Amino acid sequence: MKILIATSEALPFAKTGGLADICGILPEALINLGTDVHVILPKYKCIPTPNKQVGTIKVQIGEKEKKGIVWEETTPNGVKFLFIQHNPYFNRDELYGDKDGDYDDNAERFFFFSRAVIETLKLLDWQPDVIHIHDWQTALVPLLLKTTYKKSSYARIPTIFTIHNLAYQGVFPTEKLYLFGDLGVELFTMDKLEFYGQINFMKGAFRFADILTTVSKQYAREIQTVQYGCGVEGCLVERQKNLYGIINGIDYNEWNPSTDKYIYKNYSNQNLLTKRENKNKLIKEANLKPSNNSPLLGMVTRLADQKGLDLLATIIDDVLNMDVRFILLGTGDRKYHELFVGLAEKYKDKVGINLKFNNTIAHKIYAGSDIFLMPSRFEPCGLGQLICLKYGTVPIVHRTGGLADTVTEFDPIAGKGNGFVFISYRAEEFLASIKRAIYTFSYKPDEFKRIQINGMQGNFSWENSAKEYIELYHRAISNVSI
Ligand code: ADP
């Protein structure tokens with residue numbers, strides 16, 4: 001089976017969030033299961049120019065024709081990457097925008113990229129059996145195949161669209177309709193791209209992709225409701241029969257406390273006491289007051305409203321007035337930067353704050369913390385909780401999306417469960433769950449250890465998820481050929 005994965009970010013080349021992790025590791029897992037995978041993404045400034053040029057393409061956008069150069073590189077892990085170079089759009093310092101906000105030509109940039117994906121097929125002597133696209137940046141591919149390219153052989157290639165986060169749909173003002181040329185008017189209807197008087201790229205995939213997926217079963221259900229559906233729940237309910245949830249895995253080659261090169265001391269569930277050395281060093285490096293007996297609470301997160309930081313802000317003083325230490329790594333909204341800078345000043349001995357993106361520190365926090373906070377308002381899948389489970393760091397989560405599918409409240413009688421879960425998105429509930437965790441840590445060490453081991457024994461590897469994707473690829477292919 002030949003699979004083309006089109007995405008706006010993928011490791012090891014370009015990353016702003018979890019999408020890059022997934023589009024980096026899923027191809028490897030698919031190849032290990034015997035499929036043939038190409039990944040295509042824009043050639044951003046951060047990506048060195050590969051040696052092999054495949055050819056050039058012409059991409060019609062609006063009245064204009066723009067040129068793209070297609071490059072190819074195979075990673076040491078055997079994944080073939082194709083890159084589309086068009087410097088005016090992609091040779092920039094950031095992927096989607098800078099500190100002043102999103103780039104104002106993102107509609108042009110990703111319209112171009114989506115069309116370039118199809119144009120690139122003309123250059124290759126390799127044709128995909130299925131195209132797997134991700135998030136709004138590539139959501140127009142199925143629509144373009146079924147409209148602009150409807151007379152070509154490519155129109156029959158089945159498409160699978162994965163929603164990684166419904167909060168970002170690629171919504172643009174009507175001025176951008178010019179991109180679609182003559183088709184603009186026809187496409188601007190409620191059953192296609194129109195969305196409250198604007199253009200919504202994701203709606204193109206809701207309407208035209210053969211299969212829709214999202215990254216957990218719970219999130220697949222939630223996005224069909226008004227509460228989580230971000231205004232498009234109706235479209236998703238309509239596609240209910242072809243909407244699936246497949247949980248993400250994590251890359252255990254990178255995220256494994258017994259082999260991790262970034263942490264101070266390796267450990268496993270056989271020698272959990274060694275984990276404490278990671279905690280002590282982390283506390284020391286952060287210049288906090290040493291303490292063996294107080295729990296270290298950790299967070300690694302984008303500083304965005306989605307991540308439950310409003311709840312945290314409400315209760316953080318209550319938490320920090322207890323005997324705890326708190327270390328956070330994150331970057332994002334200014335208001336949260338200010339909040340955490342203020343906390344670090346107020347609680348010098350207890351609070352360590354890193355307002356940046358740094359993979360090494362992330363590893364150290366996952367390994368060194370006792371408890372990990374992930375109170376997300378919504379969470380399509382979430383990687384943080386999967387990583388901390390592997391590191392014996394006990395997660396506290398809001399019961400939503402992928403957090404609900406992967407973390408279960410510890411039941412001391414049955415000895416089952418791998419974390420602490422609060423059900424309603426309310427500050428008091430979050431605080432109560434933190435108190436339960438701290439109590440267990442301080443007064444029930446055996447139970448705390450049981451929770452840690454339960455978490456470490458879980459398996460969220462990519463192999464299982466990749467198998468589920470392959471099943472869906474088969475389904476998409478057989479549907480189309482019927
Ligand atoms: P999202 O994609 O919504 O940001 P996920 O939990 O799915 O959330 O994935 C986030 C990924 O990015 C995790 O691997 C997490 O460890 C990492 N991450 C988030 N913020 C930082 C940061 N400031 N520095 C390093 N890694 C980070």
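Bear in mind that the values here come from a model prediction, so they are computed numbers and not experimental data. Numbering of ligands and ligand atoms starts at 1, following listing order.
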Problem set entry | Atoms in ligand 1 with a heavy atom of Gly330 nearer than 4.0 Å | 23 (N)

Seminar exercise, completed: Nearest non-hydrogen contact to atom 1 (P) of ligand 1 from the set Gln306, His363, Lys307 belongs to Lys307

Problem set entry | Where ligand 1 meets Gly382 - atom numbers and elements under 4.0 angstrom, heavy-atom basis | 6 (O), 7 (O)

Exercise. Got an N/O contact under 3.5 Å between Tyr366 and ligand 1?
Worked result: yes

Exercise. For the rings on Phe420 and Phe410, is their centre-to-centre separation under 6.0 Å?
Worked result: no

For this session: Please step through side-chain hydrogen bond (donor to acceptor under 3.5 Å, both in side chains) for the pair Glu9 and Tyr96, ending with a clear verdict.
Result: CA-CA 10 Å; Glu9 49 186 283; Tyr96 311 122; 2.6 Å; yes

For this session: Using heavy-atom distances, let me know which of Leu303, Leu329, Asn358, Val300 sits nearest atom 18 (N) of ligand 1.
Result: Val300

Exercise. Any salt bridge between Lys467 and Glu463, counting N to O under 4.0 Å?
Worked result: yes

For this session: Check whether any N or O atom of Leu19, backbone or side chain, sits under 3.5 Å from an N or O atom of ligand 1, and answer yes or no.
Result: no

Exercise. When you look for heavy atoms under 4.0 Å from ligand 1, do you find them on the side chain of Asn165, its backbone, both, or neither?
Worked result: neither

Exercise. Any idea which protein heavy atom is nearest atom 21 (C) of ligand 1, and the distance to it?
Worked result: Phe357 CE1, 3.5 Å

Exercise. Is there a salt bridge (charged side-chain N to carboxylate O under 4.0 Å, His left out) between Lys350 and Asp323 once you walk through the steps?
Worked result: CA-CA 9 Å; Lys350 289 182 158 184; Asp323 183 19; 5.5 Å; no

For this session: State whether the shortest distance between N or O atoms of Gly18 and N or O atoms of ligand 1 falls below 3.5 angstrom.
Result: yes

For this session: Starting from atom 5 (P) of ligand 1, locate the nearest protein heavy atom and write down its residue, its atom name and how far away it is, to 0.1 Å.
Result: Leu383 N, 3.6 Å

Exercise. Is it true that Glu409 and Arg399 have a side-chain N and a carboxylate O under 4.0 angstrom from each other?
Worked result: no

Problem set entry | Ring-ring centroid check His132 Tyr469, cutoff 6.0 Å | yes

Exercise. Quick one: do the Arg475 and Tyr244 side chains pair a donor with an acceptor below 3.5 Å?
Worked result: yes

Exercise. Heavy atom of Gly384 under 4.0 Å from ligand 1?
Worked result: yes

Problem set entry | Within-cut-off N or O pair, Lys356 and ligand 1, under 3.5 Å | yes

For this session: Just jot down the ligand 1 atoms closer than 4.0 angstrom to any heavy atom of Thr301, in number order.
Result: 20 (N)

Exercise. Between the side chains of Glu447 and Thr440, is a donor N or O closer than 3.5 angstrom to an acceptor N or O?
Worked result: no

Exercise. Hey, looking at atom 12 (O) of ligand 1, which of Arg302, Gln385, Lys15, Glu379 has the closest heavy atom?
Worked result: Lys15

For this session: From the options Asn278, Ile387, Asn358, Asp260, select the one residue that forms a side chain to side chain contact (heavy atoms under 4.5 Å, CB included) with His363.
Result: Asp260

